Amino acid sequence: MAPRTRRTAFPKVVIERDTDSEQSSSSDDEEEVEKEEEEECPPSESESEPEEEDATKNGNGEKIEVDLSSKKKGKTPITISLKKVCKVCKKPGHEAGFKGATYIDCPMKPCFLCKMPGHTTMTCPHRVAIEHGVIPASRPNTHNSVEFVFQRQLRPTIPPIKPAYVIPDQVCCAVIRYHSRRVTCLEFHPTKNNILLSGDKKGQVGVWDFDKVHERMVYQNIHTCIVNNMRFKSTNDGMIYAASSDGTISCTDLETGLSSSLMSLNPNGWQGPSTWRMLYGMDINSEKGVVVVADNFGFLYLVDTRSNSKTGEAILIHKKGSKVVGLHCNPVQPDLLLSCGNDHFARIWDMRRLEAGSSLFDLAHKRVVNSAYFSPLSGSKILSTSQDNRLRIWDSIFGNMDAPSREIVHSHDFNRHLTPFRAEWDPKDPSESLAVIGRYISENYNGAALHPIDFIDVSTGQLVAEVMDPNITTISPVNKLHPRDDILASGSSRSLFIWRPKEKSEPVEQKDESKIVICGGAKKKRKGKFDGENDDDSDQEGWLSKTKNLKFKNSESKSARRPRKAKPAQLKEASKGTQTIDVAEWISERD
DNA sequence: AGCCTATGCAGCC
DNA sequence: TGGCTGCCCTAGGC
């Protein structure tokens, strides 16, 4: 289909009476040009007509206002001012868009963060508050016997006092432009602590040893389009399964890159979008020896991991024709399966009785559900990410499942060009309350619009930390916390980053330059460098020198990991040494 | 520097 | 239900 691009057919002009020019000009950034009128003057209907009467719209929806009354005076100079209109609502008087590194919302639209009308992101109650927009449960879920059993049997295993969170907040190594298309999923190796797997939109799978930073490999022939999910084979951690939008599940040997296809839903090739099946959600149920995988038509498939073949018929688990984007097997109770999809539902299933309409619970959301996961240790909580900009938490699958225990407003808008955001549990947190998720909306950070990665205490809704790096200007929708170490892996555009806690990381200045690998890409390609092998030192120095100005030391408060909006003088000071941040000061400065 | 493009979902008719 | 259109913070290539 031909691209639909709006074009500017006419300049944005307002022709104003020269005598009115002083009083009619408005904002500072309004551009004005003087023009001598030379052409013939069309007869004007009425002098007293308001300007709006002559207003018209150009191809871009921008308003052109022409004051014809000035033309009566013949060859007198008139003023043409290019009056700007809001690019969102096309109305004058305000302008949406970036002012420096701060995005100004269109006041005519609902808040971009919480989606409620009446205010903008700047004044959204969910924006700055540390409590970050928690909507508490309407009632405690303690009125049934199952919950009572849960409280008595499982609760004691959960530590009453939460340990202090350790936040990996400093980039320690990276591969820049590693993939040829955007990163779509990440997976840590189950036993080798330093191996990170990454899938991309093109169907390729990367294997990166982030300790030996330069040891990396991208397997190019595994899939032909988006790798949506990857899982390690439970009986052989040298093998991975991957589900792709090409409609196949692959099983790949990480050593050799040799790949076999377990299942293909499009044996007859491309017959048009109405028949092309894509695989999204996937997980492994090692107890039952099956890979569970689901497609974009609402169907679930089971693949036997021993015979590597499909077992049984496809089962409709979400609205027919809707995409099932996520599947998760309960880590404790292998009979439980959690699915989520574009029909605005997450559903819990009993693996022993999988048939259409037999879900145990249907968890309603207001928009598409990007992901839903059982908590990693007890498997008794559920965390979901929905495109209505809310995280939802069900505190106990044994309790009342009619409504989520909590909703947390968080900016993770859907954008067709981004991998959908998914909030993920910290697998190491014994209290099962820390989650990580990238943020869509940017923050003005020292004059740069950066998109942090948020750490949220989902038991309270508190924003525990937001981590960012001045060199990462792209959104980081894909994030994974290490199963054993205090490490965060993030995928942002085509690049991968490994974050470690600041106190455990070496100071930036002393950081080994070889920790950042610059891969291919036309923009940065230089003479004499091979595409994909551009380990250019000067690029790395660029990263380091830019980073040097932005060193911050954590204060006592765990939320003080946020960087402050530095003033030039402070920056100068900061470049000499580390700086302690006061949270309250930072918040007040930010506004 | 600025245009173009890939592309998913929602709302409308 | 299906086709069409718009889309508010993309990112990279040309």
Side-chain angles (χ1 to χ4, degrees), chain A residues 1-8 59-61 85-91 94-115 117 120-122 124 127 176-184 200-203 225-226 228 245 272-274 276 278 280 296-297 319-325 341-344 365-370 386-389 410-421 438-445 448-452 468 471-478 491-495 518-525 531:
Chain A
M1 197 209 290
R4 288 181 291 269
T5 311
R6 283 187 293 159
R7 290 166 196 279
T8 306
N60 206 12
V85 295
C86 173
K87 66 179 181 185
V88 177
C89 69
K90 318 288 188 255
K91 291 197 174 78
H94 65 273
E95 268 185 82
F98 277 104
K99 280 267 185 294
T102 306
Y103 193 91
I104 309 296
D105 277 356
C106 170
M108 311 302 281
K109 288 275 185 171
C111 170
F112 192 64
L113 174 56
C114 74
K115 309 301 176 196
T120 63
T121 309
M122 291 291 271
C124 179
R127 178 171 169 264
I176 309 297
R177 295 187 295 280
Y178 175 49
H179 283 271
S180 55
R181 288 292 180 272
R182 65 166 204 250
V183 173
T184 53
D200 72 22
K201 209 189 91 158
K202 211 177 175 185
C225 59
I226 311 179
N228 289 306
S245 291
S274 58
W276 185 260
M278 302 187 265
Y280 282 84
N296 57 327
F297 288 95
K319 186 180 169 186
K320 195 169 189 179
S322 75
K323 191 194 290 180
V324 183
V325 289
N342 280 22
D343 63 352
H344 301 190
H365 293 68
K366 294 222 165 60
R367 284 281 183 273
V368 167
V369 191
N370 288 348
S386 172
Q387 287 181 11
D388 64 355
N389 261 3
H410 178 264
S411 171
H412 48 255
D413 282 77
F414 170 79
N415 181 311
R416 68 188 142 164
H417 309 296
L418 295 176
T419 305
F421 291 86
R439 198 193 302 173
Y440 187 95
I441 207 163
S442 61
E443 201 67 70
N444 183 342
Y445 173 51
L450 301 178
H451 307 267
M468 58 185 96
N471 294 286
I472 307 173
T473 54
T474 49
I475 296 173
S476 304
V478 191
S492 190
S493 187
R494 298 161 51 191
S495 307
I518 318 274
C519 299
K523 270 185 180 171
K524 290 280 179 178
K525 204 154 64 180
D531 191 13

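Note that these values count all heavy atoms, side chains included, but never hydrogens, waters or copies made by symmetry. None of these values were measured; they are calculated from a predicted model. Proteins come first, then strands; the chains are lettered A, B, ... in the order of their sequence lines, and each starts at number 1.
Atom CG of A:Asn370 sits about 9.5 Å away from atom CG of A:Asp388, to the nearest 0.5 Å. Remark: A:Arg439 CZ to A:Met468 CE distance equals 6.5 Å, nearest 0.5 Å. Between A:Lys319 atom NZ and A:Asn342 atom CG the span is 10.0 Å, to the nearest 0.5 Å. Rounded to the nearest 0.5 Å, atoms OH (A:Tyr178) and OG (A:Ser493) are 15.0 Å apart. Taking OG of A:Ser245 as the start and CH2 of A:Trp276 as the end, the distance is 9.5 Å to the nearest 0.5 Å. With values rounded to the nearest 0.5 angstrom, A:Asp413 atom CG is found 9.5 Å from A:Leu418 atom CG.
Atom name C1', nucleotides C:dC9 and B:dG11: the rounded distance is 22 Å, in whole Å.
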* Structure fact -> Applying the Watson-Crick and G-U criteria (both distances under 3.5 angstrom) with [ ] for crossing and | for other-strand pairs, one obtains for DNA chain B .|||||.||||||
Are there any protein N/O atoms within less than 3.5 Å of an N/O atom in nucleotides 9-12 of chain B, and if so, which ones and at what distance?
residue, atom, partner, partner atom, Å
B:dC9, OP1, A:Lys323, NZ, 3.2
B:dC9, OP1, A:Asn342, ND2, 2.8
B:dC9, OP2, A:Lys323, NZ, 3.3
B:dC9, OP2, A:Asn342, ND2, 3.4
B:dG11, OP1, A:Arg367, NH2, 3.0

* Begin with the C-alpha distance, continue with both residues' side-chain angles, and end with the deciding distance and a verdict on side chain to side chain contact (heavy atoms under 4.5 Å, CB included) for A:Leu450 and A:Thr473. => CA-CA 5 Å; A:Leu450 301 178; A:Thr473 54; 4.1 Å; yes
* To do: Determine, stepwise, if the pair A:Thr102 / A:Met122 fulfils side chain to side chain contact (heavy atoms under 4.5 Å, CB included).
  => CA-CA 9 Å; A:Thr102 306; A:Met122 291 291 271; 4.0 Å; yes
* **Worked check of side chain to side chain contact (heavy atoms under 4.5 Å, CB included) between A:Ile518 and A:Arg177** => CA-CA 7 Å; A:Ile518 318 274; A:Arg177 295 187 295 280; 3.2 Å; yes
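Here the nucleotide nearest the side chain of A:Thr474, chosen from C:dG12, C:dC9, C:dA11, is C:dA11.
Between the CG atom of A:Leu418 and the C1' atom of C:dG12 there is a distance of 13 Å, rounded to whole Å. Between A:His94 atom NE2 and C:dC8 atom P there is a gap of 12 Å when expressed in whole angstrom units. In this structure, CZ of A:Arg494 is placed 17 Å from P of B:dA6, rounded to the nearest angstrom. Taking atom CG of A:Asp413 as the reference point, atom C1' of C:dT10 lies 13 Å away to the nearest angstrom. The OH atom of A:Tyr103 sits 12 Å away from the P atom of C:dC7 (whole-angstrom rounding). The NZ-P distance, from A:Lys109 to C:dC7, rounds to 7 Å in whole Å. Spacing between atom NZ of A:Lys202 and atom P of C:dG13 amounts to 11 Å, rounded to whole angstrom units. Rounding to whole angstrom units, CG of residue A:Asp200 and P of C:dG12 are separated by 13 Å.
An OP1 or OP2 oxygen of C:dG12 is reached within less than 4.0 angstrom by a side-chain nitrogen or oxygen of A:Ser493. Under 4.0 angstrom from either OP1 or OP2 of C:dT5 there lies no side-chain N or O belonging to A:Arg416.
Relative to the ring axis of A:Tyr103, A:Lys99 does not place its NZ or CZ within 45° and under 6.0 Å from the centre.
Each of A:Arg181 and A:His451 has a nearest nucleotide on DNA chain C; the 5'-most of these lies closest to A:His451.
Base contact: A:Pro110 has a heavy atom under 4.0 Å from a base atom. Nucleic acid contact for A:Ser442: base, since at least one base atom lies under 4.0 Å from a heavy atom of the residue. In this structure, A:Lys201 reaches the sugar-phosphate backbone alone: every heavy-atom distance under 4.0 Å involves primed, P, OP1 or OP2 atoms, never a base. Residue-level contact check: A:Ile441 touches the bases, meaning some heavy atom is under 4.0 Å from a base atom.
In this structure, A:His417 does not pack face-to-face on the six-membered ring of C:dA11, missing the 5.5 Å centre cutoff or the 30° plane limit. Both thresholds, 5.5 Å between centres and 30° between ring planes, are not jointly met by A:Phe98 relative to the base of C:dC9, so the two rings are not stacked.
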